[in-house]
There are 2 protein chains.
Amino acid sequence: MSEAAGPARVDRGPARRYDPDRRQRIIAACLDVIAERGVAGTSHRRVAAAADVPLGSMTYHFAGMAELLQEAFGAFTGTVAATFERRMAPATDEESARAAVVALICDDLLGVDRELVLTHELYTLAAREESYRELTNAWMRASRAALERHFDPATARILDALIEGLTIHRALDTVPHDRALVVDAVERACAG
Amino acid sequence: MSEAAGPARVDRGPARRYDPDRRQRIIAACLDVIAERGVAGTSHRRVAAAADVPLGSMTYHFAGMAELLQEAFGAFTGTVAATFERRMAPATDEESARAAVVALICDDLLGVDRELVLTHELYTLAAREESYRELTNAWMRASRAALERHFDPATARILDALIEGLTIHRALDTVPHDRALVVDAVERACAG
DNA sequence: TCGCCATAGGTACGATCGTACACATCGCGG
DNA sequence: CCGCGATGTGTACGATCGTACCTATGGCGA
């Protein structure tokens, strides 16, 4: 009858779980909380609840809130940069590369606009604190490097800015993106 | 000897000041606090201290934190939109209009990058809450209208996105902007 | 001139937060 | 097989916050 779950613990005291990658789970839960309630609404207690770990685990695994946020956003930028890279990679000629850029601007990278919220939260931190700016700089360098494998440096920079701006407009605008306009914009940017 | 300051109040009880535009001063102080400590670090107490008013004035003049932030960012977007408009207005032909756009991208609108921090804070709120999105939408409409007095609609939209993206890159990048690149980008955007 | 009420000012309350800390548990090296 | 240190857990403390609320003041209409 008994489930073969671990070394048959008798219920002596509170449940203690063997949880090798608890740190990773906390980081993932932290990003969920940030996406839902913002950095301002992110607390040790809420992250702990989301990750299903006791409050004490927070101070054990992370020196403080700052370290937790730093690691969470590090994981976030890594994921997004990898997705960006993967989406651009298949393009062989410049035309397909342009199509890939258009798709990047018009589509979500990760689910329902979650990454847009997280991006703004990160930018807000980066606008004020040096340590986060290093994170965003690394991210920007990665994006630009990915673009420069398909376009010349000047065009890559302009496309990078265009992606940034149009993505923000997509996030903040109530009307959906006009795909034809995006195509037009990308073509102009490439027509140097 | 006595300073001729007001109606010669005797020091009966705590100082009470006649302060007709206290509301406005609180809003201005609120923006200062946000610029310095972020929305997350903005509290009634800190704003009250910055505006040099007692804590009780906060709840008297504003129904709550949300109303205060809403009004503060309303004042902010109004100011920035007006500055944008004023900087674009003098342009008569398209060439001078393009020069104005380049200047807008490369220069600060209001002092030492203060508006960049505030902009990110606002975007972060707007990415999550509808009420702030109305604010950013109105702002975007105003910017686009200002651009459309000098460019055709499609170009105006692209320029708008370009301004957005390049401004963000200026805020987050450690290296200063290359003005030649900005000129190039604006020219490509106008070359539809 | 007088009294009313919009405005100003001080303080207390309950909630929430970050963090510290004492204790429990058990994988694993010796 | 043992014990010790890495890891997990529960709780308490002091700080800060938003807000409510009561009192005091004085500009201004009657």
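Just so you know, these numbers use all the heavy atoms, side chains as well, and skip hydrogens, waters and symmetry mates. Values in this document were obtained by computation on a predicted structure and should not be read as measured data. Letters A, B, ... are given to chains in the order of the sequence lines, protein chains preceding strands, and every chain is numbered from 1.
- At C/dA6, none of the side-chain N or O atoms of B/His61 fall inside 4.0 Å of OP1 or OP2 (strictly under the cut-off).
- Across the protein-nucleic acid pair, A/Asp52 atom CG and D/dG8 atom C1' stand 13 Å apart, rounded to whole Å.
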Produce the list of close N/O pairs, under 3.5 Å, pairing protein atoms with atoms of nucleotides 15-17 of chain C; give distances to one decimal.
| from | atom 1 | to | atom 2 | distance (Å) |
| --- | --- | --- | --- | --- |
| C/dC17 | OP1 | A/Ser43 | OG | 3.4 |
| C/dC17 | OP1 | A/Arg46 | NH2 | 3.4 |

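- The residues B/Arg188 and B/Asp184 are annotated as salt-bridged, a charged nitrogen and a carboxylate oxygen being separated by less than 4.0 angstrom.
- Listed for the B/Arg23 side chain is no donor-acceptor partner under 3.5 Å among the backbone atoms of B/Phe62.
- A 4.5 Å side-chain heavy-atom check between A/Leu69 and A/Ile34 finds at least one atom pair inside the cut-off.
- The nearest whole Å value for the distance from the CE atom in A/Met58 to the P atom in D/dG10 is 13 Å.
- Straight-line distance from the OH atom of A/Tyr60 to the P atom of C/dT25: 17 Å, rounded to whole Å.
- Between A/Arg37 and A/Ser43, the side chains place no donor N or O within less than 3.5 Å of an acceptor N or O (distance only, hydrogens not considered).
- The nearest whole Å value for the distance from the CG atom in B/Asp19 to the P atom in D/dT25 is 18 Å.
- For B/Glu164, the salt bridge (charged side-chain N to carboxylate O under 4.0 Å, His left out) test picks out no residue, with sequence neighbours left out.
- In the set D/dC28, D/dA12, C/dA8, the nucleotide with an atom closest to the side chain of A/Leu55 is D/dA12.
- OP1 or OP2 of D/dT9 sits under 4.0 Å from a side-chain N or O of A/Arg22.
- Rounded to whole Å, the distance from CG on A/Asp21 to P on D/dT7 is 13 Å.
- The closest side-chain donor-acceptor pair between B/Ser57 and B/Arg22 falls under 3.5 angstrom.
- In this structure, CZ of A/Phe62 is placed 16 Å from P of C/dA20, rounded to the nearest angstrom.
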